[in-house]
Engineer: 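Here it is, the structure in full.
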Amino acid sequence: MNSVVCITYTFVMAAIGSIPLSGIIYHVNELLNLQAIIATIGLAIFCTVMPFLLYTTGLKKLEAGKASILATIKPIVSAIVGLIFFQEVFDLTKILGMICIISAILILNLNLVKAKSIN
């Protein structure tokens with residue numbers, strides 16, 4: 001399936017599913033503001049559609065199992081970007097979360113290596 005078609009179906013269905021839960025009816029006046037519309041379009045394109053498009057396009061060149069393992073590193077990258085660019089504080093919770101993520105990735109990779117060596 002084409003990545004663009006996959007993204008279109010995914011985001012249309014997600015939008016339809018999230019509208020009743022979002023409370024958007026109570027904020028319609030705020031959404032008609034030009035600045036809000038531009039910000040919404042920017043967030044939709046650069047923070048949602050483009051990453052998903054790049055991920056699904058990348059799946060064509062990488063097997064899904066490896067791609068999902070690599071995708072789990074996103075929270076660590078986000079925390080580091082927050083630290084460097086937004087001066088966020090690393091607290092114990094973030095550090096423990098990163099250790100858990102890295103441990104899970106290592107365990108999954110070790111299991112993949114063992115599975116390949118058995119076959």
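Everything numeric in this text was worked out from a predicted model, so none of it was measured.
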Engineer: What distance do I16 atom CD1 and I19 atom CD1 have between them, rounded to the nearest 0.5 Å?
Structural biologist: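 It comes to 7.0 Å.
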
Engineer: Roughly how far apart are I76 CD1 and C100 SG, rounded to 0.5 Å?
Structural biologist: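 Answer for the CD1-SG pair, I76 versus C100, is 10.0 Å.
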
Engineer: Are L43 and L53 linked, directly or through intermediate hydrophobic residues, by side-chain heavy-atom contacts shorter than 4.5 Å (ILVMFWY only)?
Structural biologist: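 No, no single cluster joins them.
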
Engineer: When you measure from the side chain of S18 to the backbone of A15, do you find a donor-acceptor pair of N or O atoms at a distance under 3.5 Å?
Structural biologist: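 Yes; judged by distance alone, with no hydrogens or angles, the pair exists.
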
Engineer: When rounded to the nearest 0.5 angstrom, what distance separates NZ in K94 from CD1 in I99?
Structural biologist: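 If we round to the nearest 0.5 Å, K94:NZ and I99:CD1 are 14.5 Å apart.
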
Engineer: OG/S78 to CZ/F86 distance, rounded to the nearest 0.5 angstrom?
Structural biologist: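 Result: 10.5 Å between the selected atoms.
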
Engineer: Linking I/L/V/M/F/W/Y whenever any side-chain heavy atoms sit under 4.5 Å apart, do I101 and V81 land together?
Structural biologist: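 Yes, one cluster joins them.
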
Engineer: Would you name the heavy atoms of F90 and L83 that are closest together and state the gap between them?
Structural biologist: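 So the minimum-distance heavy-atom pair works out to CE1-CB, 3.6 Å.
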
Engineer: State the CD1-CG distance between I38 and N33, to the nearest 0.5 angstrom.
Structural biologist: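 Those atoms lie 9.0 Å apart.
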
Engineer: Check whether more than 12 heavy atoms from other residues, nucleotides or ligands sit under 6.0 Å from atom CD1 of I84, and answer yes or no.
Structural biologist: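 Buried by this count: over 12 neighbours within 6.0 Å.
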
Engineer: Are I7 and V49 side-chain neighbours, meaning at least one heavy-atom pair lies under 4.5 Å?
Structural biologist: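 Yes, at least one pair of side-chain atoms sits under 4.5 Å.
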
Engineer: Honestly curious: do F46 and I37 fall in one hydrophobic cluster under the side-chain, below-4.5 Å linking rule?
Structural biologist: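 In one cluster with F46: I37, yes.
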
Engineer: Between L106 and V77, is there shared hydrophobic-cluster membership here, with clusters defined by ILVMFWY side-chain heavy atoms closer than 4.5 Å?
Structural biologist: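 Same cluster.
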
Engineer: Would a hydrophobic clustering, with Ile, Leu, Val, Met, Phe, Trp and Tyr connected at side-chain separations under 4.5 Å, put I80 with I95?
Structural biologist: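 Same hydrophobic cluster.
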
Engineer: Measure across E30 and A36 and return the closest heavy-atom pair with its distance rounded to 0.1 Å.
Structural biologist: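 Smallest heavy-atom distance, with atoms named: O-CB, 3.5 Å.
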
Engineer: Give, for atom OG1 of T40 and atom CD1 of I45, the distance between the pair rounded to the nearest 0.5 Å.
Structural biologist: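 So the gap between those two atoms works out to 11.0 Å.
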
